[in-house]
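Scroll down for the structure; my scribbles are underneath it.
All values reported here derive from a predicted model rather than from experimental measurement.
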Amino acid sequence: MWRRLRTSQTVRTMLGRSMAAYLRFVWRTQRVVMEPADLYALAEVQLPMILTFWHGQHFLTPFLVKPHHKARVMISRSADADVNAIAAEALGIGTVRGSGAQGRDFRTKGGFNATLEMIRHLSEGTNVAMTADVPKISRLVGLGVVTIARHSGRPIYPVAIATSNRILARSWDRAAIHLPFGRAAVVAGDGVLVPAEATPEEMEAARREVQRQLEVATARAEELVGRPPARQPAIPPAATPDGRAHG
């Protein structure tokens, strides 16, 4: 039954719009704190930028975008991700469809074209957003976001959002299902710039710095909502070369 329903565009549209309405309600009922406190003032002089966050921790990020900001988010081409894309567009965020993958799947899943499109949008003054994780490996930064930064010349800003009331899904990414009437914390990293002529070693160093800033921001966001951060798994010495689209 669900397999038939999930292929229905009408059903996906209904689910996506319902998700957007629910997330809007959740955000409006939060007491939000931001670090740094002057986050928007700092961000304005860095636009356009690349926002990145952990997969499964991204659902409230559309509410960080001010009305005068142009923004697009990378979302995979899968049928299930259509719901996320519809929700994002209902919240005023444009989409780029494609996902990170490994090996030859990088092209077949639209990762190559999506990467080019993200770079083009940055060149036109539009902010872009994407999850940082290696495909299906939660909380390990891949080189996808670093590659976009290198070719666009724009800074990466890792961001973490935590809420005091949530449920963690039993999914590979332990997605946060945010609940209303609580506290929310938004924490941004210091940012990472990647030189246009970056060597493989410099790309790996940038990847590790994005990893570090996301871990620090996540721990701080959890602390601000009164929850001790979960222990992080051991990080391998290097990531696979492709990033991960959210969705």
Of all heavy-atom pairs linking Gln213 and Asp190, the shortest is OE1-N, 2.9 Å

Flag side-chain contact, heavy atom, 4.5 Å: Glu223 against Val187: no

Is Leu214 reachable from Leu224 through a run of hydrophobic residues whose side-chain heavy atoms are each under 4.5 Å from the next? no

Is it true that Tyr157 and Phe53 have ring centroids separated by less than 6.0 Å? no

List the steps, then state whether side chain to side chain contact (heavy atoms under 4.5 Å, CB included) holds for Glu202 with Val146. CA-CA 10 Å; Glu202 289 171 326; Val146 178; over 6 Å; no

Got Thr163 and Val225 here, is their nearest side-chain heavy-atom distance under 4.5 Å? no

Inspect the surroundings of CD in Glu197 and state if more than 12 heavy atoms from other residues, nucleotides or ligands are less than 6.0 Å away. no

Starting from the C-alpha separation in whole Å, work towards a yes-or-no answer on side-chain hydrogen bond (donor to acceptor under 3.5 Å, both in side chains) for Glu222 and Thr218. CA-CA 6 Å; Glu222 296 286 347; Thr218 299; over 6 Å; no

Do Glu117 and Arg120 have side-chain heavy atoms sitting under 4.5 Å apart? yes

Can you give me the closest heavy-atom contact between Ile148 and Met130, atom names plus distance? CD1-SD, 3.6 Å

What do you reckon, are the aromatic ring centroids of Trp27 and His178 less than 6.0 Å apart? no

If I take atom NE2 from residue His121 and atom OG from residue Ser152, how far apart are they, to the nearest 0.5 angstrom? 13.0 Å

Return the orientation label for the His55 and His58 ring planes: parallel under 30°, perpendicular over 60°, tilted otherwise. perpendicular

Common cluster, Val11/Met19, ILVMFWY with side-chain heavy-atom separation under 4.5 Å: yes

How far apart are the C-alpha atoms of Val128 and Met74, what are their side-chain angles, what is the distance that settles it, and do they pass the side chain to side chain contact (heavy atoms under 4.5 Å, CB included) test? CA-CA 8 Å; Val128 302; Met74 188 188 289; over 6 Å; no

So does Ala169 get a backbone contact from the side chain of Arg174, meaning a donor-acceptor N/O pair under 3.5 Å? yes

d(Ser8 OG, Leu15 CG) to nearest 0.5 Å is 9.0 Å

Linked, directly or transitively: Met14 and Leu23 (ILVMFWY side chains, under 4.5 Å): no

Run the numbers on Gln211 and Arg208 for side-chain hydrogen bond (donor to acceptor under 3.5 Å, both in side chains), then give the verdict. CA-CA 5 Å; Gln211 177 85 35; Arg208 285 179 174 271; over 6 Å; no

For Leu193 and Gly153, work out which heavy atoms get closest and say how close. CD2-O, 4.1 Å

Interatomic spacing from CD in Glu89 to CZ in Arg72 - rounded to 0.5 Å: 8.0 Å

Please assess Met118 against Arg154 for the test side chain to side chain contact (heavy atoms under 4.5 Å, CB included), listing each intermediate value before the final yes or no. CA-CA 11 Å; Met118 295 281 267; Arg154 303 312 305 158; over 6 Å; no

Candidate pair Trp54 and Ile161, rule side chain to side chain contact (heavy atoms under 4.5 Å, CB included), full reasoning: CA-CA 10 Å; Trp54 293 131; Ile161 300 179; over 6 Å; no

Any Thr126 side-chain heavy atom under 4.5 Å of Pro48 side chain: no

Is Asn127 close to Leu51 at the side-chain level, that is, under 4.5 Å between some pair of heavy atoms? no

Glu215 bridged to Arg212 by N-O distance under 4.0 Å: no

Of all the heavy-atom pairs spanning Thr95 and Ala88, show the shortest one and how long it is. CG2-CB, 4.2 Å

Can you find a pair of side-chain heavy atoms, one from Ile119 and one from Arg150, that are under 4.5 Å apart? no

Using distance only, find each side-chain donor-acceptor pair of residues 32-42 under 3.5 Å and give its atom names and separation, not counting sequence neighbours.
residue, atom, partner, partner atom, Å
Glu35, OE1, Arg220, NE, 2.9
Glu35, OE2, Arg220, NE, 3.3
Glu35, OE2, Arg220, NH2, 2.6
Tyr40, OH, Leu64, O, 2.9

Would you say the side chain of Ile93 lies within less than 4.5 Å of the side chain of Phe63, judging by non-hydrogen atoms? no

Close side-chain approach of Asp133 to Ile137, heavy-atom, < 4.5 Å: no

Is it possible for you to say whether Leu60 and Ile177 belong to one hydrophobic cluster, with membership spreading through side-chain heavy-atom contacts below 4.5 Å? yes

Taking all heavy atoms of Ala176 and all of Leu168, pick out the closest pair and write down the distance. CA-CD2, 4.0 Å

Would a distance-only check, ignoring hydrogens and angles, find a side-chain to backbone donor-acceptor pair under 3.5 Å from Arg17 to Ile86? no

Heavy-atom closest pair (Thr52 atom, Ala132 atom, distance to 0.1 Å) is OG1-CB, 3.2 Å

In Å and rounded to the nearest 0.5 Å, what is the NZ to CG distance from Lys70 to Leu47? 10.5 Å

With a 4.5 Å cut-off on side-chain heavy-atom distances among I, L, V, M, F, W and Y, is there a chain of contacts connecting Phe25 to Ile167? no

